[in-house]
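Data first, discussion second: the structure below is written as structure tokens.
Predicted, not measured: the structure shown is a model, and the values here were computed from it. For ligands, and for the atoms within them, numbers begin at 1 and follow the listed sequence.
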Amino acid sequence: MEKSLILVKPDGVERGLTGTILSRLEELGLKLVAIRMLHADKELAERHYAVHRDKPFFNDLVNYITSSPIVAAVFEGEDVVNRIRKACGATDPAKSEKGTIRGDFGLDIGRNTIHASDSPETAAIEVDTFFAGGDICQYTRMR
Ligand code: IDP
Ligand code: MG
């Protein structure tokens with residue numbers, strides 16, 4: 001079954017939005033299969049954002065995601081990657097629609113509250129960055 005890795009970023013955790021964000025995803029009928037809180041170090045952050053290594057905002061990105069604890073979670077379900085990306089809204093909160101997580105809670109393009117995998121292939125790599133195989137739980141999601 002398709003998986004997606006999400007991170008509640010420092011601005012989400014610090015403002016007490018973790019539960020709200022996880023609820024929004026659970027309310028889509030998606031199945032939470034792994035979750036942990038952590039304070040990412042530079043090495044982990046650079047690995048997670050490796051695809052952005054050459055971007056001008058790379059250092060800001062790594063500094064921000066390592067500045068305070070985050071919550072990493074894995075959701076599972078049909079078309080889960082696309083469904084979560086839609087629920088997140090556009091990268092820049094100024095451009096994301098109301099009713100989306102970033103549209104409702106994002107502060108600016110850096111502090112945009114949530115990370116979500118952008119393809120099933122990326123998700124598989126990102127899940128492995130934050131979780132061990134045995135961390136992924138199996139159960140039946142009731143509606
Ligand atoms: P995404 O999170 O919507 O997938 P990406 O393009 O993968 O967006 O960028 C990763 C993160 O880097 C974004 O969530 C955002 O916080 C940050 N970011 C993206 N573009 C910019 C930019 O132009 N300036 C500063 N930060 C940016
Ligand atoms: Mg991305």
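- In this structure, K55 has no heavy atom closer than 4.0 Å to ligand 1.
- Residue-ligand proximity: I109 is placed with a non-hydrogen atom under 4.0 Å from ligand 1.
- For K9, the closest heavy-atom approach to ligand 1 falls below 4.0 Å.
- Between F57 and H52, the ring-plane angle classifies as tilted under the 30° and 60° cut-offs.
- Nearest protein heavy-atom neighbour of atom 7 (O) of ligand 1: H52 NE2, 2.9 Å.
- Note: no N/O pair closer than 3.5 Å links H115 and ligand 1 by distance alone.
- Residues N112 and D92 fail the side-chain proximity criterion, which asks for heavy atoms closer than 4.5 Å.
- In terms of protein heavy-atom proximity, atom 12 (O) of ligand 1 is nearest to L61 CD1, 3.2 Å.
- Within a 6.0 Å radius of CD in E97, other residues, nucleotides and ligands contribute 12 heavy atoms or fewer.
- Near N112, with a cut-off below 4.0 Å to any heavy atom, the atoms of ligand 1 are 13 (C), 14 (O), 15 (C), 16 (O).
- Residue contacts with ligand 1 leave out H48, since none of its heavy atoms falls under 4.0 Å from the ligand.
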(request) Kindly indicate, with the supporting measurements, whether the criterion side chain to side chain donor-acceptor pair (under 3.5 Å) is fulfilled by T20 and S23. (result) CA-CA 5 Å; T20 299; S23 282; over 6 Å; no
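- Screening residues 107-118 for salt bridge (charged side-chain N to carboxylate O under 4.0 Å, His left out) gives D108-R111 as the qualifying pairs, with residues at least two apart or on separate chains.
- Of all protein heavy atoms, the one closest to atom 2 (O) of ligand 1 is R102 NH2, 2.9 Å.
- Counting protein heavy atoms only, atom 22 (C) of ligand 1 is closest to F57 CD2, 3.5 Å.
- Between the side chains of D60 and N63, not a single donor N or O lies within less than 3.5 Å of an accepting N or O.
- For atom 4 (O) of ligand 1, the nearest non-hydrogen atom of the protein is R85 NH1, 2.8 Å.
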